[in-house]
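Not measured: the values here are computed from a predicted model. Convention: sequence-line order gives letters A, B, ...; per-chain numbering from 1.
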Amino acid sequence: MGLKNIKNWSVEIEKKITDKWKKAELYNFNSRTKKKVYSIDTPPPYVNAPIHIGQAITYCFMDMIARYRRMKGFEVLFPLGLDRNGLPIEIGAEKKFKVSPFKIGREKFIECCRKLLNETSTETTDTFSKMGISFTSYKEGKHIGGIYKTDSPEYRTLTQTTFIGLYKKGLVYEDTRINNWDIKLQTTVADSEIEYKDIESTFNDIKWKIKGTGEEVVIGTTRPELICTCGMVIYNPDDKRYRHLNGKKVLSPLFNKEIPIKSHPMADIGKGTGLVMMCSAGDLSDIQFFREQGLKPVIAINKHGTMNEHAGFLNGLKIREARTKIIEELKKKGLLVKQEKITHRTPISERSGAEIEFIEMPEYYLKQLKFKNEIKKISKKINFYPKSSKKILDDWLNSISIDWPISRRRFYATPIPLWGSGDLIALPKPGKYYVPWKEQVPKNADVYIINGTSKDGKKIGFVKDFPDKEWKGEERVLDTWMDSSISELFIIKYKSDDKFFKKVYPVTLRPQGKEIVRTWLYYTLLRGYLETGKPCFKDVWIHQHILDEKGHKMSKSLGNIIDPQEILKDYGGEALRFWSAIEGDLSRGDFSSSKEKIRAELKTLNKILNVSKFVMLFNKPKKPRLTELDKTFIDYIEDLTEEFDKSYETYDFHHPALKLRRFLWEIFASHYVEIVKSRAYNNDKKFSKEESDAAKYTLHFLLERFLVLLYPILPQITTTIAEEKKINLLKFEWPKSKKGKSNLKLIYEIMDFNSSVWKKKKDAGISLRNEIKGIKIPKGLDKFKKDLISAHNIV
RNA sequence: GGUCCUGUAGUCCAACGGCUAAGACGGCUCGUUUACACCGAGUAGACCGAGGUUCGAUUCCUCGCAGGACCACCA
């Protein structure tokens with residue numbers, strides 16, 4: 001592309017490069033390679049929304065990792081996945097086409113989801129391409145490293161195959177339990193899909209009567225509509241006020257149900273009146289309590305979020321209405337003592353924003369409790385970057401208290417591959433994609449009988465052995481995380497290319513955000529362990545959040561979104577990449593993004609361009625004998641080479657980027673170039689040919705090495721310049737460096753000296769090219785005397 | 001409540017326990033010097049607070065304060 005013709009680095013230049021790269025498939029994976037494999041389990045973005053700035057930045061980092069590893073001689077597997085399963089897609093379809101799956105039916109709704117997905121196909125990959133991301137492939141397909149979609153038959157087959165395997169091992173069971181229920185989406189959700197928000201609610205003090213004595217006690221609650229589900233009233237064993245009530249019964253207000261009173265440490269003396277009504281629907285800890293006490297839960301809320309027959313006069317009302325109504329009733333009867341506004345941490349469904357209710361439903365579970373310790377053990381074998389991020393995983397592991405509910409009552413997801421007939425379950429053969437809700441049961445499917453107590457199935461034959469049975473296809477689907485948690489297995493061809501899988505497992509790196517440690521990372525470790533018994537990753541790199549300029553989370557409602565597409569359009573991928581690296585260490589802290597600062601990095605790109613143009617004015621001679629000055633600067637960049645190797649290897653691109661920028665502006669351009677300019681031109685023949693050649697050689701050497709070191713961060717501009725020098729950086733190997741000789745202090749001394757001369761000339765009002773008298777070269781810089789005198793025109 | 005991370009100029013971000021605390025963006029003042037006005041040269045501006053360890057602390061330790069995160073609890 002002729003460096004001379006490029007005035008400024010621009011988006012147009014980038015477009016030519018990235019278009020070429022995208023078509024050329026430069027980074028295809030050679031499965032017969034003898035190199036070591038470096039594999040990256042990239043996070044598949046959801047395709048129904050454009051890439052946001054956070055994803056853009058993290059993919060920049062992943063690309064730096066991939067490019068560095070290629071230089072280090074690895075065969076790099078860096079695939080792009082597209083997540084197309086699950087609730088986000090369904091919610092998108094519901095909004096876009098203004099439909100409800102419960103009204104238009106399953107088939108039509110799935111069509112809507114497909115329609116939505118087809119429209120959003122290429123935007124995501126285009127964005128990545130513009131950023132210069134070196135995915136193994138930009139083509140979809142079954143080849144190793146091809147773009148994969150999580151809703152493809154191949155992917156869903158693997159999800160089902162692993163499900164079938166888990167079922168056979170007795171790790172999947174169905175149970176009817178109280179669970180997190182999303183009223184909006186009409187499905188059970190897992191604990192990991194819940195977030196907590198502070199919502200204002202009212203704390204109501206209500207009078208209750210002790211049976212027999214008629215004594216009145218006051219109990220506080222935020223959920224008075226659940227009084228009908230109260231199974232016990234408790235107080236703290238140390239609470240003297242209520243000791244005399246132990247073993248007595250209390251009558252629930254309005255319902256007059258007899259409820260036992262007991263002491264229990266869960267009650268806190270200081271909170272409320274010290275008495276707690278234990279309901280079977282408040283939250284999961286209540287449910288645990290019911291189990292512990294052997295109480296039978298009463299479920300008063302149905303799956304649509306309305307009260308049922310257990311709620312007596314509240315039957316048929318929505319939860320909120322029921323709450324208002326019962327408070328009215330209590331007021332009328334004079335049973336409401338006091339009301340107080342409090343903020344209450346309320347469980348919210350992450351996907352829909354609906355308040356979670358606790359409702360009893362039969363769901364499939366994957367056993368996870370019994371593997372907690374194993375997962376802890378294998379996670380110790382994984383390197384976490386930064387180390388402290390492992391704590392997030394440990395905290396989560398410690399808090400897991402129930403098995404993983406994996407069935408969902410939704411539609412656009414992997415179907416659960418089961419058919420049922422009474423207490424029999426038909427489990428098809430693995431390796432195929434099944435859609436039980438609209439397909440006949442395969443005759444060769446295994447038949448299991450469900451044992452009522454253990455919940456585990458026992459195999460008793462095949463479907464063909466039960467010709468009289470009518471089989472009903474399972475209608476539920478699998479939790480999206482059941483798909484996502486095998487991404488690392490899918491990309492290395494688990495169950496489809498055993499030889500390759502064995503060679504490459506465990507996957508080298510999982511890069512991901514801290515907010516999905518408890519979902520994506522944890523579930524992947526669990527699934528990987530259940531499939532292989534081993535840790536599935538060597539390294540895990542956890543990044544923090546990308547915030548707006550003011551350090552706030554970006555969100556549509558705040559209107560502070562920075563759109564990477566816009567940045568790419570205005571400033572290009574290289575500016576975005578360089579800014580990402582310069583801005584901070586993403587694994588250590590959150591980072592704030594600002595368009596202004598990204599724009600500012602364009603200056604650096606042009607500086608690189610211009611310095612290169614200058615160096616290219618000279619031909620690179622064969623290596624001559626170098627001067628002390630030349631050696632000093634070469635030693636320094638050799639040291640940087642060594643240092644950056646270590647940084648890049650530990651996923652630190654921030655510090656090298658800072659030092660490279662400094663090297664470019666401060667050390668190389670402002671000082672080395674300025675000093676040796678006259679020696680390189682050598683117009684007045686003050687220097688010998690060898691001395692002049694030494695300057696030219698060193699200019700080229702420093703520039704080349706600079707480009708090589710910068711290449712992982714800025715691939716487009718560095719390769720463009722290197723091409724001019726007949727160097728192909730895409731295939732360049734990391735240089736073997738000679739270390740330990742650099743003398744930065746000496747370089748600073750040179751820089752100080754230069755500055756002082758420039759200042760003197762400026763103060764004297766003379767041009768920098770003019771002669772200056774009376775300057776003494778400092779002792780330490782004696783060996784550079786000839787260069788310094790010539791550079792400053794000292795007489 | 002528990003745990004973790006982070007506190008350096010207006011903003012962002014550096015600095016093996018030691019020298020004048022670096023650089024960028026933004027200010028201000030000058031200036032076209034054969035790669036570069038997306039430039040060059042200057043200039044103003046900062047270590048959250050209190051103890052401790054040390055000859056010496058921005059750096060290490062303790063406590064506090066502030067911001068962020070995760071977990072638990074919240075009747």
For A/K597, report the nucleic acid contact type (base, sugar-phosphate, nothing); a contact means any heavy atom under 4.0 Å. base

For A/E666, which contact category applies under a 4.0 Å heavy-atom criterion: base, sugar-phosphate, or nothing?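 Sugar-phosphate: the residue A/E666, judged by heavy atoms under 4.0 Å, touches backbone atoms but no base.
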
Check ion pair [X]-[Y] (N to O, under 4.0 angstrom):
{"X": "A/D394", "Y": "A/K376", "result": "no"}
{"X": "A/R661", "Y": "A/E601", "result": "yes"}
{"X": "A/R223", "Y": "A/E225", "result": "yes"}

As a quick check of understanding, evaluate side-chain contact (heavy atoms from CB on, under 4.5 Å) for A/M616 and A/K725, giving each step before the final call. CA-CA 8 Å; A/M616 303 298 267; A/K725 297 170 98 337; 3.4 Å; yes

Can you tell me the Watson-Crick or wobble partner of [N], both distances under 3.5 angstrom?
{"N": "B/rU20", "answer": "none"}
{"N": "B/rU3", "answer": "B/rA69"}
{"N": "B/rC13", "answer": "none"}
{"N": "B/rG27", "answer": "B/rU43"}
{"N": "B/rG49", "answer": "B/rC63"}

Would you check if the distance from the ring center of A/Y648 to the ring center of A/F653 is below 6.0 Å? yes

Angle class for the [X]/[Y] ring planes (parallel below 30°, perpendicular above 60°, tilted otherwise)?
{"X": "A/H792", "Y": "A/W758", "value": "perpendicular"}
{"X": "A/F614", "Y": "A/Y681", "value": "perpendicular"}
{"X": "A/F61", "Y": "A/W541", "value": "tilted"}

Between [N] and [M], how many Å separate the two [atom1] atoms, rounded to a whole number?
{"N": "B/rG7", "M": "B/rC61", "atom1": "P", "result": "13 Å"}
{"N": "B/rC12", "M": "B/rC30", "atom1": "C1'", "result": "27 Å"}
{"N": "B/rC39", "M": "B/rU58", "atom1": "P", "result": "36 Å"}
{"N": "B/rA14", "M": "B/rU6", "atom1": "C1'", "result": "15 Å"}
{"N": "B/rG27", "M": "B/rG45", "atom1": "C1'", "result": "10 Å"}
{"N": "B/rG17", "M": "B/rU33", "atom1": "P", "result": "46 Å"}
{"N": "B/rA41", "M": "B/rA24", "atom1": "P", "result": "10 Å"}
{"N": "B/rA44", "M": "B/rC48", "atom1": "P", "result": "22 Å"}

Please give, in whole Å, the distance from [N] [atom2] to [X] [atom1]?
{"X": "A/D394", "N": "B/rU3", "atom1": "CG", "atom2": "C1'", "result": "11 Å"}
{"X": "A/F384", "N": "B/rC70", "atom1": "CZ", "atom2": "P", "result": "17 Å"}
{"X": "A/K391", "N": "B/rA72", "atom1": "NZ", "atom2": "P", "result": "12 Å"}
{"X": "A/Y571", "N": "B/rC25", "atom1": "OH", "atom2": "C1'", "result": "13 Å"}
{"X": "A/M751", "N": "B/rG23", "atom1": "CE", "atom2": "P", "result": "8 Å"}
{"X": "A/I234", "N": "B/rC73", "atom1": "CD1", "atom2": "P", "result": "14 Å"}
{"X": "A/W579", "N": "B/rG23", "atom1": "CH2", "atom2": "C1'", "result": "18 Å"}
{"X": "A/Q512", "N": "B/rA69", "atom1": "CD", "atom2": "P", "result": "18 Å"}

Between protein and nucleotides 31-44 of chain B, map the contacts as a letter string: B base, S sugar-phosphate only, - none, heavy atoms under 4.0 Å, written 5' to 3'. --BBBB-BSSBS--

First of A/I219 and A/I582 reached from the 5' end of RNA chain B, by closest nucleotide: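 Its nearest nucleotide lies further toward 5', so the answer is A/I582.
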
For A/I392 and A/G220, find the nucleotide of RNA chain B closest to each by heavy atoms; which residue's nucleotide sits nearer the 5' end?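 Checking each residue's closest nucleotide, the 5'-ward one belongs to A/I392.
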
Distance check: side-chain N/O of [X] vs OP1/OP2 of [N], anything under 4.0 Å?
{"X": "A/H654", "N": "B/rA14", "result": "yes"}
{"X": "A/R661", "N": "B/rG23", "result": "no"}
{"X": "A/S388", "N": "B/rC4", "result": "no"}

Please determine whether side chain to side chain donor-acceptor pair (under 3.5 Å) holds for the pair A/Q368 and A/Y522, giving the CA-CA distance in whole Å, both sets of side-chain angles, and the decisive distance to 0.1 Å. CA-CA 11 Å; A/Q368 63 176 354; A/Y522 164 68; 2.8 Å; yes

